[in-house]
Amino acid sequence: MVTRLQFIDKNQFDIKELKEAADIIKDGGLVAFPTETVYGLGADGLKEEAAKKIYAAKGRPSDNPLILHIADVSALEELSTKVPKSAYDLAEKFWPGPLTMILNKSGKVPYGTTGGLETVAVRMPNDEVALALIKMSGAYIAAPSANTSGRPSPTTAKHVMDDLSGKIDMVLDGGQVGIGIESTIVDLTGEYPTILRPGYITKSMLEEVVGEVRLDAAILKENKDKNLKPKAPGMKYKHYAPKGDLTIFEGNMEHIIAKINELAAENIANGQKVGIIATTETSDQYKHGIVKTVGTRADELTVAHGLYAVLREFDDLGVNLIYAESFEEYELGQAIMNRLLKAAGYDVVHIN
Ligand code: AMP
Ligand code: MG
C-alpha cells in the first residue's frame, strides 16, 4: 500500500480538502490526523473490522483499547448506557480538549474497539482538522497515537510517516501538534473520578469541576515496583520507549550535571554514543555527548511539547545511552514524569 501524505493548513482549509480522508474512514480504511495532543491513527470505531486494522498497522496488543473521538457531546448518549452528570460537567469545561473520559459502553460499541472491556473511552479533540474529519466521515473515529506500538508518540506528520508509511491509507499533515503528550484519561465509572493517565488537564483542574478526584495507584512513581495492575490497559506496556537505554537523574541539579558529565565522558571513551536531555536552564553546562534542549523549566508545556521529538532524534542518531534530568511530579510535571519514567523503564538514579 502507498500511503498518501496530504498537507492541510489548520488555520485555513476548505472542507473539500478532507473529502478523500473522510471517504477512506467511511470505507473502513486508516487515516492519521493531527490532534492537539499527538497525531492519531483513525478508523471507524463502530466497525470492528476497521478497528482491527489499527492494531495490525501499529503492532498494538489487542487488549489495549482505543479512544473514540467525537465532534458533538450528544454522541455520549449513543456510546454509553449511563452517562453521569460529571461527564457533562467535564465536557462543558474541557471539551474540545485533551481529556478522555471512561464510561460504561453501549451495545453499539464493539468489543474490538474496547479491548473486550465493558467500558469505552471518549474524547472530543481540540483541533479543527480532526473535528471536521469526524463530522464529514459521520463516524466516531477510534484513534490511538499514530506510532508503531512501543515507540515515542508522533508529534509531527514526519514521525507518523517514519513509523507507518506503507501500512495506512493516508496521513493528513496539519503541522506540529500543540501539546505533545497524550490526553489525560479520567475514569467516571467508579465512586470517585479517577485519573488513569496524567496529562495536560491536571487533577486540580478536574477537582474544580467535579470535587474529589483520585489517582490510579499504579501510575504513581512510588508504586512502580509493586506490580499493581493499571486500570488503563495501555499503561502497563513499556510505552514511549526510545531505542537507547534511558536513565533519569533526580536530586540536586548541580550534582546531577556533574554526574552526567562524568558518566558521559566515561561512556564516550568506551565507544558509546551518549545523548543528554537537558533544559534551557542547564544545557550549556553539559560538556560531552549530544545535548538536546527539551524545553524550559519556566514553562513545562515546552517540555511536554519537545519530549517525544527529542527521543526520536536520539533514535535517528543511533544514540545508545540517554541521560535525562527529572521534573517535579506536580501539575503538568506529573504527566511529563509519567512518560519519561515509562520511557526509562523506571530507571531513576537519585543524586544527593
Ligand atoms: P493511545 O490512544 O495510544 O494513547 O492509547 C489509549 C489509552 O487509553 C491506552 O492507555 C488505553 O489503555 C486507554 N483506554 C482506552 N479505553 C479504555 C478503557 N475502556 N478503560 C481504561 N483505559 C482505556
Ligand atoms: Mg499510544
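Counting starts at 1 for both ligands and their atoms, in listed order. Counting from 1, the numbers follow the sequence of the chain as shown.
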Open item on the list: At a threshold of 2.8 Å, where the distance has to be below it, does the Mg ion (ligand 2) have an N, O or S atom of Ser153 nearby?
Closed with: no
Looking at [Y] and [X], is any side-chain nitrogen of the basic one under 4.0 Å from a carboxylate oxygen of the acidic one?
{"X": "Arg214", "Y": "Glu212", "result": "yes"}
{"X": "Asp44", "Y": "Lys26", "result": "no"}
{"X": "Glu207", "Y": "Lys203", "result": "yes"}
{"X": "Arg312", "Y": "Asp316", "result": "no"}

Judged on heavy-atom distance to [atom], which of [options] sits nearest?
{"atom": "atom 16 (N) of ligand 1", "options": "Ala121, Ser153, Gly199, Gly116", "answer": "Ala121"}
{"atom": "atom 18 (C) of ligand 1", "options": "Ile102, Thr35, Thr189, Asp187", "answer": "Ile102"}
{"atom": "atom 5 (O) of ligand 1", "options": "Lys105, Arg60, Lys58", "answer": "Arg60"}
{"atom": "atom 2 (O) of ligand 1", "options": "Gly115, Ala142, Pro65, Pro144", "answer": "Pro144"}

- [ ] Kindly state whether the ring of Tyr39 and the ring of Phe33 have centres lying under 6.0 angstrom apart.
- [x] no
TODO: Please verify whether a non-hydrogen atom of Leu196 lies at under 4.0 Å from ligand 1.
DONE: yes
Which of the numbered atoms in ligand 1 are under 4.0 angstrom from any heavy atom belonging to [X]?
{"X": "Ser145", "answer": "1 (P), 2 (O), 3 (O)"}
{"X": "Asn64", "answer": "9 (C), 11 (C), 12 (O)"}
{"X": "Leu117", "answer": "18 (C), 19 (N), 20 (N)"}
{"X": "Arg197", "answer": "1 (P), 4 (O), 5 (O), 7 (C)"}
{"X": "Ile185", "answer": "7 (C), 8 (O), 13 (C)"}
{"X": "Thr119", "answer": "18 (C), 19 (N), 20 (N)"}
{"X": "Ile67", "answer": "2 (O), 6 (C), 8 (O)"}

- [ ] Give the contacting part of Thr100 toward ligand 1: side chain, backbone, both or neither, where contact means a heavy-atom distance below 4.0 Å.
- [x] neither
Open item on the list: Does either side chain, that of Ser183 or that of Thr100, offer a donor lying less than 3.5 Å from an acceptor on the other one?
Closed with: yes
Open item on the list: Does Glu262, at its CD atom, have more than 12 non-hydrogen atoms belonging to other residues, nucleotides or ligands within less than 6.0 Å?
Closed with: yes
Task: His350 side-chain N/O to Val348 backbone N/O, donor-acceptor pair under 3.5 Å - done: no
Open item on the list: My understanding is that a hydrophobic cluster links ILVMFWY residues whose side chain heavy atoms are under 4.5 Å apart, including indirect links. Using that, what else belongs to the cluster containing Tyr192?
Closed with: none
